[in-house]
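We name chains A, B, ... by the order of the sequence lines, and we start the count at 1 in each one.
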Number of protein chains: 4
Amino acid sequence: MRVKDDTKFRAICDATISLVNEIGFAAASVAKIAKRAGVSPATIYIYFDNKDDLLVSTYTTIKKEMSEAMLAGIDLQAPVRDIFQQIWRQTFVYVTQHRDKFQFTEQFANSPYVDQVDSTEIDRYFAPVFAVIQRGIDQKIIKNVNFDLLSAFMFFPILTLANSRLCRSFTPTEENIDISFSLAWDAIKL
Amino acid sequence: MRVKDDTKFRAICDATISLVNEIGFAAASVAKIAKRAGVSPATIYIYFDNKDDLLVSTYTTIKKEMSEAMLAGIDLQAPVRDIFQQIWRQTFVYVTQHRDKFQFTEQFANSPYVDQVDSTEIDRYFAPVFAVIQRGIDQKIIKNVNFDLLSAFMFFPILTLANSRLCRSFTPTEENIDISFSLAWDAIKL
Amino acid sequence: MRVKDDTKFRAICDATISLVNEIGFAAASVAKIAKRAGVSPATIYIYFDNKDDLLVSTYTTIKKEMSEAMLAGIDLQAPVRDIFQQIWRQTFVYVTQHRDKFQFTEQFANSPYVDQVDSTEIDRYFAPVFAVIQRGIDQKIIKNVNFDLLSAFMFFPILTLANSRLCRSFTPTEENIDISFSLAWDAIKL
Amino acid sequence: MRVKDDTKFRAICDATISLVNEIGFAAASVAKIAKRAGVSPATIYIYFDNKDDLLVSTYTTIKKEMSEAMLAGIDLQAPVRDIFQQIWRQTFVYVTQHRDKFQFTEQFANSPYVDQVDSTEIDRYFAPVFAVIQRGIDQKIIKNVNFDLLSAFMFFPILTLANSRLCRSFTPTEENIDISFSLAWDAIKL
DNA sequence: GATGAATGAGTGTTCATTCAT
DNA sequence: CATGAATGAACACTCATTCAT
């Protein structure tokens, strides 16, 4: 299938995101998504192979947009700490401004659907970050431990803090963002 | 007349957990759960009001068991750091030994179903932990910041690291667990 | 099956009547009837063979009670017109005082369940009335036409008038009952 | 795209009518109706909101057709008695030629489903008849009594006589129809 | 390209009935 | 006698998907 009308494509994705957030994968039927997007159920099958493809495509589309927002304007030559702080801030901004998309990815990533995603593609989006981590380790600025372990303190706390389902008392003000970054940095720095 | 059977209750919960992990909430139908549990679909409705109740009850049952395992044998008079280290270890042990139950809670917590949970009940299970955090802050051992922020570094990294969907290269050996705890402690300690 | 506890038998019948009137045959399940009667579903099967038997027995029980009320204290030697007037009045009184039972029979008589009723037994209850009609014909007081035709004017209008679903503006006062009887009599008298 | 098919609508209604007559509302499931109509169960939900809507729509459709047949070609300027006699005859003809539809309405009218019908719409169909009754009263041809009371003798006996469940010995020949009308007229005339 | 009608398979749930106690 | 647990079959209804237009 090839995209003909980008407006319709977005409308369908947006309808998917909001509906899945509201009622979950189970109840978000193609018919309901079509109705919310203002198209016929049959039209969805012009843009997507099937329901799974619709969900997976929506997820990867968001992930790509998300990675671009996180890494926008990053100067990879800057000091490691500055790079992370900028990523940290930009991630918070993106997540805050696109709560619905973010919430969708969280639900998706914890469901069996995620197994259908081509993880190498997602990894490619975030490759520059991995390079910076490696530089930090080489320069003995960051602890020399497993990558997953560093990510668990460097990035996942953002997802936790931004997840309104999990954290109800934390508000992402400028100040709170910087405080939370300092905790992350304390965790991983040597 | 026959008597309600606790082994049947467990069989239904266990079937729910494994099936939801394999195919997700959407595809885990009552009929399939019943078949796996070795009972009639109608029997499920003797033990639970409806499908939602089945899922929510399964979740809260696990959460209770989980909190008991985390806090088992904790000496609340011990130094704050020791308490956290013990909780950290016990959580890892529980999560590692009950991957399926843990995975279920992760998927559940990121779905709209979680809104149906009585969160005050869950909070009660974990109340002792909150008390220890407060003591740490009062004794100027732990940073005086928002509770959600501390949790995001103190506990959620465990969930991330133990989540095989997210972290494929991290293995929870004795050593790795202690290393990861040291990152967490660096993050929150003053 | 044999009746052991008449109180329970009545309770089940009464529950059946009220529930069927409220929600119809389709929705009136054995479980709901049992709950309303304050017994276990299994108990119903001690008093009745199955659901159909429950409904049919309830119907014939009412019909018998109804015929007794209609014909109570009738002097079969009295003039034909007087007999009919008394029957007419007594029928109205019964129907008015037992609206629920009456409504049940109306719904039942218009459903396929009625085919399961032994109609000769019902006819036997009303045999004395048929004898009076015959006497009226022989005495050239009543028109010599088909029995069903006479019944259609002599008795069914009562059912119609007493049926609150059909007649909303007619109220069965003493006066209205006598007026309506005069119409019936005008219809059938020679 | 395909277009909604009126023959399908009729096929579903007809299947509903015959099946409900045979086995009642309770047993006439959507699946059975669909099978008899030669469509998929899902198709029924394209033409009707739900099962209740299917039954109610079928009822009102019949009632409309019935009222049109009863009042066809009536000269409202003719003498009151002639008008009623023509209505009486036409009703008998309709009921005799559409026993199944008629039987359905009788069962329906005595069930709780009837409460879902918009009775004002039904009344509108029969409004001309009410006007004639009023004229008869004003001209002192018909007894000045409650409308429901007149109907109970003027129209309901037809339903009774035509109801094969109730009247097994009455056959609606030309002669019998006129005889029965004379009884009705005797009942209501001044 | 886009649609709504159409569908067989499936959904969550309740059914009438039986069984062990 | 009386019960509530237990069940396979059926319920009303919705699903993802296809098809004719």
Salt-bridge criterion met for C/Arg99 and C/Glu106 (N-O under 4.0 Å): no

side-chain N/O D/Ser29 vs F/dC11 OP1/OP2, d < 4.0 Å: yes

N/O (side chain, C/Lys8) to phosphate O (OP1/OP2, F/dA2) under 4.0 Å: yes

Nearest-angstrom distance from the residue atom CD1 of A/Ile23 to P of E/dT11: 17 Å

Minimum side-chain heavy-atom gap B/Gln107-A/Pro112 below 4.5 Å: yes

E/dT17 phosphate, OP1 or OP2, under 4.0 Å from C/Lys51 side-chain N/O: no

A/Pro41 side chain, from C-beta outward: closest of E/dG4, E/dT3, F/dA6: E/dG4

Under-4.0 Å side-chain N/O to phosphate OP1/OP2 contact, B/Lys32 with E/dG10: no

Of the listed nucleotides E/dT3, E/dT13, F/dG4, the one nearest the side chain of B/Tyr45: E/dT13

Separation of atom CD1 in B/Ile33 from atom C1' in F/dT7, rounded to whole Å: 18 Å

Test applied, side-chain contact (heavy atoms from CB on, under 4.5 Å); reference residue, C/Thr105; option that passes from C/Asn110, C/Ile62, C/Val114: C/Ile62

D/His98 side chain reached by D/Glu65 side chain, heavy atoms, under 4.5 Å: yes

Any D/Tyr47 side-chain nitrogen or oxygen under 4.0 Å from OP1 or OP2 of E/dA6: yes

Length of the line joining D/Ile12:CD1 and E/dT7:C1', which is rounded to integer Å: 13 Å

Pairing nucleotide - E/dT21, Watson-Crick or G-U, each distance under 3.5 Å: F/dA2

Nearest listed nucleotide, side chain of B/Ser40, among F/dG4, F/dT7, E/dA2: F/dT7

Distance-only polar pair, side chains of B/Gln103 and B/Asn163, donor-acceptor under 3.5 Å: no

For F/dT7, the Watson-Crick or wobble counterpart (both distances under 3.5 Å): E/dA16

Nearest-nucleotide pick for A/Val30, side chain only, options being F/dA16, F/dT18, E/dC15: F/dA16

Atom pair distance, as rounded to whole Å: CZ in D/Phe48 and C1' in E/dA6: 15 Å

Sugar-phosphate, base or nothing in reach of D/Thr43, heavy atoms under 4.0 Å: base

